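We use all heavy atoms of the structure for the numbers below, so side chains are in, but hydrogens, waters and symmetry mates are not. The model shown is predicted, which means the values in this text are computed figures rather than measured ones.
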Amino acid sequence: MTTRELGRTGIHVSPIGLGCMQFSAAGILAGFFSPMPQQEADVIVKTALDGGITLFDTAELYGRGESERALAAGLIHAGVAPGGATVATKWRPVGRTASSVGRTIGDRIAALNPFPIDLHQIHFGFGGLSPVRKQVEAMAQLVQAGKIRSVGVSNFTAKQLSAAHALLGEHGIPLASNQIQINLLNRSVEFNGILETAQGLGISLIAYSPLRSGMLTGKFHDNRDLAKAVPRLRRTVHGITDKNLDRTTPLIDAMREIAGAHQATLSQVALAWLITNYGDTVIAIPGASKPHHAAEAAGAMNVALSADETQRLTELSSAVRK
Ligand SMILES: NC(=O)c1ccc[n+]([C@@H]2O[C@H](COP(=O)([O-])OP(=O)(O)OC[C@H]3O[C@@H](n4cnc5c(N)ncnc54)[C@H](OP(=O)(O)O)[C@@H]3O)[C@@H](O)[C@H]2O)c1
């Protein structure tokens, strides 16, 4: 599958990237994942690369650099040279002023060493002690200083997206992307102006939780005990409940049929829908806690859904949404 440009940055990436939040179980992430040995992260990164994935997403928040360091080690282990993969990370605004963007960039560079930061994102559009405007200005200064290649945001509203785009534009810098949750069970970007704004301004949407934390793989539908074994915080955040599993069964059943027709898995159908339904605007970043997850994610780039299949999934998704 051909690559997609990150906004209008000139940076081209695979339509499916790898989310690296799973590489840390520190702090709040203990409520989501189990600790992962570096050897496992190495295999996951290598598997993703071998399957054609070129974008890797991490964040300072994922274990205060633990995920960033694991990603860098994985890329080194796979023999990737600096610049040989696209690396995205994020600055945590919560409880900080905009001056921390510049103050912490050295830590991000050190954690990802020797890989340059191709995309640096403001993790949330809320929670900072300075206005978002100042945070965006601080990011522009990092580009001008040659410390990062491009600027993205995450969890921004349509209004914040337009404002950030305009502000960066004053410096001649394109806003690359807004990282936001999009999946067959959460299509709010279609109704809150984010999709329309992104398409109008040429900004990519990087879809996080594209498998709804595993719900769209069908594994929790198949095995309710597996769902109950998921840490409580993750179950709550993603609504992994008996009620929601019952409600979404018609969608999962249709995904099974479509997957069968393509000799694909449900996770691949969920990802193929995401990178097909929204044209080139969306890039999906599934997380992997096992190597076969990364292999399936990469393989989804070869699953060509027909227009009828895409439409059927969209309609069923609308029918089962709350
Ligand atoms: N910007 C933000 O605010 C934000 C928020 C959330 C996530 N993210 C980013 O988005 C990435 C992905 O999001 P996510 O981890 O929340 O959700 P996700 O990609 O929807 O789900 C990942 C989980 O699904 C399961 N899974 C993946 N592939 C599978 C397969 N083929 N078969 C069976 N199970 C499979 C694994 O669960 P198990 O662990 O149970 O095996 C894995 O941990 C993260 O890594 C992170 O980089 C960003």
Side-chain angles (χ1 to χ4, degrees), residues 1-6 11-20 22 40-57 71 74-75 78-80 84-88 118 177 179 181-185 187 204-219 221-222 251-317:
M1 186 174 259
T2 49
T3 56
R4 287 182 183 180
E5 187 174 0
L6 266 182
I11 300 171
H12 292 263
V13 296
S14 50
I16 291 180
L18 182 74
C20 299
Q22 279 71 2
E40 188 80 342
D42 287 348
V43 180
I44 288 174
V45 169
K46 176 82 167 71
T47 305
L49 288 162
D50 287 348
I53 284 176
T54 67
L55 170 67
F56 294 82
D57 178 78
L71 169 61
L75 290 171
V80 175
T86 304
V87 171
D118 298 295
S177 52
Q179 188 174 133
Q181 187 177 147
I182 319 174
N183 55 53
L184 275 162
L185 297 175
R187 289 166 42 210
S204 295
L205 292 180
I206 300 182
Y208 73 70
S209 305
L211 302 171
R212 191 55 178 257
S213 201
M215 252 172 102
L216 287 165
T217 68
K219 66 179 176 182
H221 293 79
D222 285 346
L251 171 66
I252 296 293
D253 287 346
M255 289 171 73
R256 267 188 230 290
E257 250 181 63
I258 294 170
H262 289 269
Q263 292 172 321
T265 63
L266 268 68
S267 76
Q268 291 178 323
V269 170
L271 295 173
W273 175 84
L274 256 179
I275 59 169
T276 307
N277 191 49
Y278 302 102
D280 276 357
T281 303
V282 170
I283 294 157
I285 49 162
S289 66
K290 296 183 181 65
H292 84 86
H293 297 168
E296 282 187 32
M301 293 190 280
N302 302 319
V303 175
L305 297 179
S306 69
D308 282 352
E309 288 168 333
T310 306
Q311 176 68 17
R312 183 173 172 214
L313 290 167
T314 306
E315 281 167 13
L316 271 165
S317 145

Applying side-chain contact (heavy atoms from CB on, under 4.5 Å), run through Leu185 and Leu251 and close with a yes or a no. CA-CA 9 Å; Leu185 297 175; Leu251 171 66; 3.9 Å; yes
Go through the steps to decide whether His293 and Gln22 satisfy the test side-chain contact (heavy atoms from CB on, under 4.5 Å), and finish with yes or no. CA-CA 11 Å; His293 297 168; Gln22 279 71 2; over 6 Å; no
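Between Glu40 and Pro291 the shortest side-chain heavy-atom distance falls below 4.5 Å. Leu305 places a side-chain heavy atom less than 4.5 Å from the side chain of His262. Under the 4.5 Å side-chain criterion, counting only non-hydrogen atoms from C-beta, Thr47 is not in contact with Ile53. Between Gln179 and Ile285 the shortest side-chain heavy-atom distance falls below 4.5 Å. At a threshold of 4.5 Å between non-hydrogen side-chain atoms, the residues Met215 and Asn183 do not count as touching.
Ion pairing of Asp50 with Lys46 is present here, as a side-chain N (NZ or NE/NH1/NH2) and a carboxylate O approach within less than 4.0 Å.
Taking CD of Gln268 as the start and CG of Leu216 as the end, the distance is 13.5 Å to the nearest 0.5 Å. How far CD1 of Ile206 is from OG1 of Thr281: 12.5 Å, rounded to the nearest 0.5 Å. Atom CG in Leu313 sits 4.0 Å away from atom CD1 in Ile258 (nearest 0.5 Å). Considering OG1 of Thr86 and CG of Leu6, their distance stands at 7.0 Å, rounded to 0.5 Å. Remark: Leu266 CG to Asp222 CG distance equals 8.0 Å, nearest 0.5 Å. Atoms CD and CZ, on Glu257 and Arg312 in that order, are 4.5 Å from each other to the nearest 0.5 Å.
One N or O on the side chain of Arg4 and one on the backbone of Val282 form a donor-acceptor pair closer than 3.5 Å. Not a single donor-acceptor pair under 3.5 Å links the side chain of Asp57 to the backbone N or O of Gly19. Panel note: side chain Thr276, backbone Ala304; no donor-acceptor pair is recorded below 3.5 Å. Put simply, the side chain of Thr54 gets close to the backbone of Ser14: a donor and an acceptor are under 3.5 Å apart.
Every residue two or more places apart in sequence or in another chain that forms a side chain to side chain donor-acceptor pair (under 3.5 Å) with Ser267 is listed here: Thr265, Glu296. Residues satisfying the salt bridge (Lys or Arg N to Asp or Glu O under 4.0 Å) test with Glu315, not counting sequence neighbours, are none.
Residue pairs meeting the ring pair (Phe, Tyr, Trp, His ring centres under 6.0 Å) criterion with at least one partner in residues 266-290, sequence neighbours excluded, are Trp273-Tyr278.
With hydrogens and angles left out, the side-chain atoms of Ser317 and Arg187 include a donor and acceptor closer than 3.5 Å.
Scanning both residues, Pro286 and Leu211, for their nearest heavy atoms gives CB-CD1, 4.2 Å.
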